[in-house]
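Report on one structure; see the data block that follows.
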Protein chains: 2
Amino acid sequence: MKPTIKDVSSIADVSIATVSKVVNGKDENISSATRERIKRIIEEVGYVPNRIASSLVTKKTKTIGLIIPDIANPFFPELARGVEDFSNKEGYTIILCNSDNDLEKEDAYIDMLQEKMVDGIIFTASSNRSELSIALNKSSIPVITIERNIDGLQSQNTIVSNNENGAYYAVIHMIECGYEKILHISGPMVSKPAQERYKGYLRALKEKNIEPIENHLIEGKYSGDWGFETIQNLISQRFDYDGVFCGNDLIALGALKALQLNNINVPNQVGLVGYDDIYMAQMVRPELTTVKQPNYEMGYQAAEMLVLMINNEEPNLSSESLETRLIVRGTTRV
Amino acid sequence: MKPTIKDVSSIADVSIATVSKVVNGKDENISSATRERIKRIIEEVGYVPNRIASSLVTKKTKTIGLIIPDIANPFFPELARGVEDFSNKEGYTIILCNSDNDLEKEDAYIDMLQEKMVDGIIFTASSNRSELSIALNKSSIPVITIERNIDGLQSQNTIVSNNENGAYYAVIHMIECGYEKILHISGPMVSKPAQERYKGYLRALKEKNIEPIENHLIEGKYSGDWGFETIQNLISQRFDYDGVFCGNDLIALGALKALQLNNINVPNQVGLVGYDDIYMAQMVRPELTTVKQPNYEMGYQAAEMLVLMINNEEPNLSSESLETRLIVRGTTRV
DNA sequence: AATTATTAGGTAAACGTTTACTTAAAAGTA
DNA sequence: TACTTTTAAGTAAACGTTTACCTAATAATT
């Protein structure tokens, strides 16, 4: 049987309160003799405090729930890492939840996290969900949404990156490179980032007085296969375009592969820009021009903000939109 | 204030025991009238059971700790996903820990997980650590090691993939393709998988009666940059080789980039094989020949095994070595 | 010497559940 | 009718801590 604080106290012949005090460093009023004796005994018997029991009285679990769509999606590991790094630094532990953008799973995880009394939740919601917002609002548990905000959540604390600007500058760059017939292969338009990127794309065209070509928006999934297929289709349809702005790097890498397979020169015949700056963007030839999102920072700052909320220190940022950075590499001509 | 079981019980005018029974479905002896009344009240007041409190008495937290080096390393997300999928199916929640292969962090996490009373731990240990094994052994908490086993851990339950065979078949394939001067760019040799892959590489050469070339082992990191640098160096040294077996895909992709940059044709002048089959392996041209590790399955099976251990049902597999699969693509000539 | 302050530690309630055991009433049986 | 069984629920201890408050002994102050 695992030793408890009681075992330690009886061996040391002190009360459990005394042991508790030295374990938690609240031992100003404990003589150094007993302090050392207790510490030695703790070592000897291998006592490890039961945080479940202490959580019950302190009402703090030092645990944060992280709900993301899928850790296997290359966008999220870095974000998760950011969350974990800050959390760990502050003594928090994180519970990882993959929702697969499935509303039922999201709900189930929210419930579970509440039952486990997490101190706060960081949440990439699949879409806007008023019922969820309501449920979350009345639960009084600090929540911060990340990457996408959801409407109707009170004390809306959000970390997002500025998708619209990111897309805008990317497309401006393409236009300045001389591409004129630029289409947009996007991810699913139900997601906010997809909507915002599309908005930025349109804004750039408008500002440069370029009429969007017909069928300029091709909506699909955030996968390499989707990018590949789309280009293959376009080629078989003899679609006329000279630039492709992709919803993310995965799409772009798939597109690049298809273009090269059909001997279409990138960047000379067709310019290509991705979004995210995943590691692989630099591992292909030509290297991919893309928009870097501060994934790690987003996670880190989200955790930072959440911990502030947990400690009831009003975060001075109630909603932060981090800027993106255009990284010009080889898939756009200069 | 959040409602507790007591609030529900007093509104329903029953004892807390009765509420507890209906909450946990142990309500054979509760009349359907009261059962429904209680359920309605739970709904109305928004009662959510405090699992911290119940864990204290049941001594089960329904939580599993997962310690891996780095979730941002493309090898681990899938594995983590496998762990999470099975765990979630069984009602477990996972705590994610990134150790960065840092011994102190590993220790700190092990402590933390024990304090949080997790029901079990899945662990990718950075290296062999006898003290850790001892600590773990006496803690009586179920542990399963994954991807790499650590010596001295009692009731050694391990899920690994057969690295030696994976490497062996890969190199055999290269030799059968006609490559003869094959070098091995490996990850850090302190890690077991690196050692085993090297062993497989040597075994293949030996079996085919090929003398390893001089300086055939180049040891470094599991990164694309490392692969890139190494090839650049080799080229500047005019090193003579015609095949490269890489410790992982990241190294291979870096190497591929360097080779192509120097106009060395892959697979005609130099054959190239990676390890892992990350998603990006098919996104480059030529697509990378590689060894597929069953990452997801490893995670899934590890969780499966751990849950068996937690439930004290002796797992019939005490140490499973999953087979790998060689995936021949475009970086080796046929 | 009498009073006060400080030091070192103890007491016991509280946190929110679960569960083995008990009980009272109702129903069944001889 | 008198007993036994079943049904429906309640009682209270236990889980392992923390912490506000208390106390006795010693030290400091006047």
Side-chain angles (χ1 to χ4, degrees), chain A residues 1-39 41-42 45-63 91 112 114-119 139 141, chain B residues 1-39 41-42 45-63 91 112 114-119 139 141:
Chain A
M1 217 46 226
K2 253 193 206 156
T4 71
I5 197 173
K6 211 171 158 186
D7 300 319
V8 175
S9 77
S10 72
I11 296 175
D13 202 29
V14 293
S15 73
I16 60 172
T18 305
V19 178
S20 173
K21 285 169 193 162
V22 346
V23 168
N24 296 296
K26 301 184 175 171
D27 49 4
E28 321 83 36
N29 286 337
I30 310 293
S31 70
S32 58
T34 31
R35 194 205 331 267
E36 294 315 316
R37 181 159 41 94
I38 289 172
K39 284 189 172 173
I41 291 170
I42 285 176
V45 302
Y47 165 69
V48 9
N50 182 330
R51 295 298 170 204
I52 293 292
S54 56
S55 288
L56 191 56
V57 9
T58 61
K59 293 172 174 315
K60 297 263 166 233
T61 52
K62 284 286 185 173
T63 302
M112 200 165 216
Q114 296 200 106
E115 292 187 354
K116 293 214 168 161
M117 301 284 131
V118 296
D119 294 338
S139 88
I141 178 174
Chain B
M1 217 46 223
K2 254 194 204 157
T4 71
I5 198 171
K6 213 171 157 187
D7 299 318
V8 174
S9 77
S10 71
I11 295 177
D13 202 28
V14 294
S15 72
I16 62 172
T18 305
V19 177
S20 173
K21 285 169 193 163
V22 348
V23 167
N24 296 297
K26 301 185 175 171
D27 48 5
E28 322 83 34
N29 285 337
I30 309 294
S31 71
S32 57
T34 32
R35 193 204 333 266
E36 292 315 316
R37 182 159 42 94
I38 289 171
K39 284 189 172 172
I41 291 169
I42 285 176
V45 302
Y47 166 68
V48 8
N50 183 329
R51 296 295 169 206
I52 293 292
S54 55
S55 289
L56 190 57
V57 11
T58 61
K59 291 170 176 316
K60 297 263 165 229
T61 53
K62 284 286 187 172
T63 303
M112 201 167 215
Q114 295 199 111
E115 292 188 354
K116 293 215 167 160
M117 302 283 132
V118 297
D119 294 336
S139 88
I141 177 172

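Letters go in sequence order (proteins before strands), and every chain restarts at 1.
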Side-chain heavy atoms of B:E115 within contact of A:K62, under 4.5 Å: no

Answer with base, sugar-phosphate or nothing: what part of the nucleic acid does B:I16 contact at a heavy-atom distance below 4.0 Å? base

Classify the nucleic acid contact of B:T34 as base, sugar-phosphate or nothing, counting any heavy atom under 4.0 Å across all strands shown. sugar-phosphate

Hey, where on DNA chain D does chain B first and last touch, going 5' to 3'? Cut-off is any atom under 4.0 Å from a heavy atom. D:dA8 to D:dG16

End axis versus end axis in the helix from C:dA1-D:dT30 to C:dA30-D:dT1, the angle rounded to 10°, five pairs used at each terminus: 50°

If only atom types and distance count, is the side chain of A:S9 paired as donor or acceptor with the main-chain N or O of A:V19 below 3.5 Å? no

Hits for salt bridge (charged side-chain N to carboxylate O under 4.0 Å, His left out) against A:E36, two or more places apart or cross-chain, chain-then-number order -> none

Within residues 17-25 of chain A, which residues have any heavy atom lying less than 4.0 Å from an atom of DNA chain C? A:A17, A:T18, A:K21

Worked verdict on A:V45 versus A:D7 for side-chain contact (heavy atoms from CB on, under 4.5 Å): CA-CA 9 Å; A:V45 302; A:D7 300 319; over 6 Å; no

For a side chain to side chain contact (heavy atoms under 4.5 Å, CB included) with B:T18, tell me which candidate from B:V8, B:I38, B:I5, B:D13 qualifies. B:I38

What heavy-atom pair brings A:R51 and A:N24 nearest, and what distance separates the two atoms? NH1-OD1, 4.1 Å

Contacts of A:K2 and A:K26 projected onto DNA chain D by closest heavy atom; the upstream (5') one is A:K2

Under the side-chain contact (heavy atoms from CB on, under 4.5 Å) rule, what do A:I141 and A:Q114 come out as? Steps first, then yes or no, please. CA-CA 8 Å; A:I141 178 174; A:Q114 296 200 106; 3.8 Å; yes

For DNA chain D, whose closest nucleotide is more 5', that of B:D13 or that of B:V57? B:D13

d(B:K59 NZ, A:N50 CG) to nearest 0.5 Å is 7.5 Å

Residues that A:R35 engages under salt bridge (charged side-chain N to carboxylate O under 4.0 Å, His left out), provided they are two or more places apart: A:D27

Can you name the side chain to side chain donor-acceptor pair (under 3.5 Å) partners of B:T34, sequence neighbours left out? B:S31

Atom CG of B:N29 to atom P of C:dA24: distance rounded to whole Å? 17 Å

Any side-chain heavy-atom pair from B:T63 and A:K116 closer than 4.5 angstrom? yes

Classify A:S15 by what it touches in the nucleic acid, base, sugar-phosphate, or nothing, heavy-atom distance under 4.0 Å. base

How many whole angstroms separate atom NZ of B:K60 from atom C1' of C:dT19? 16 Å

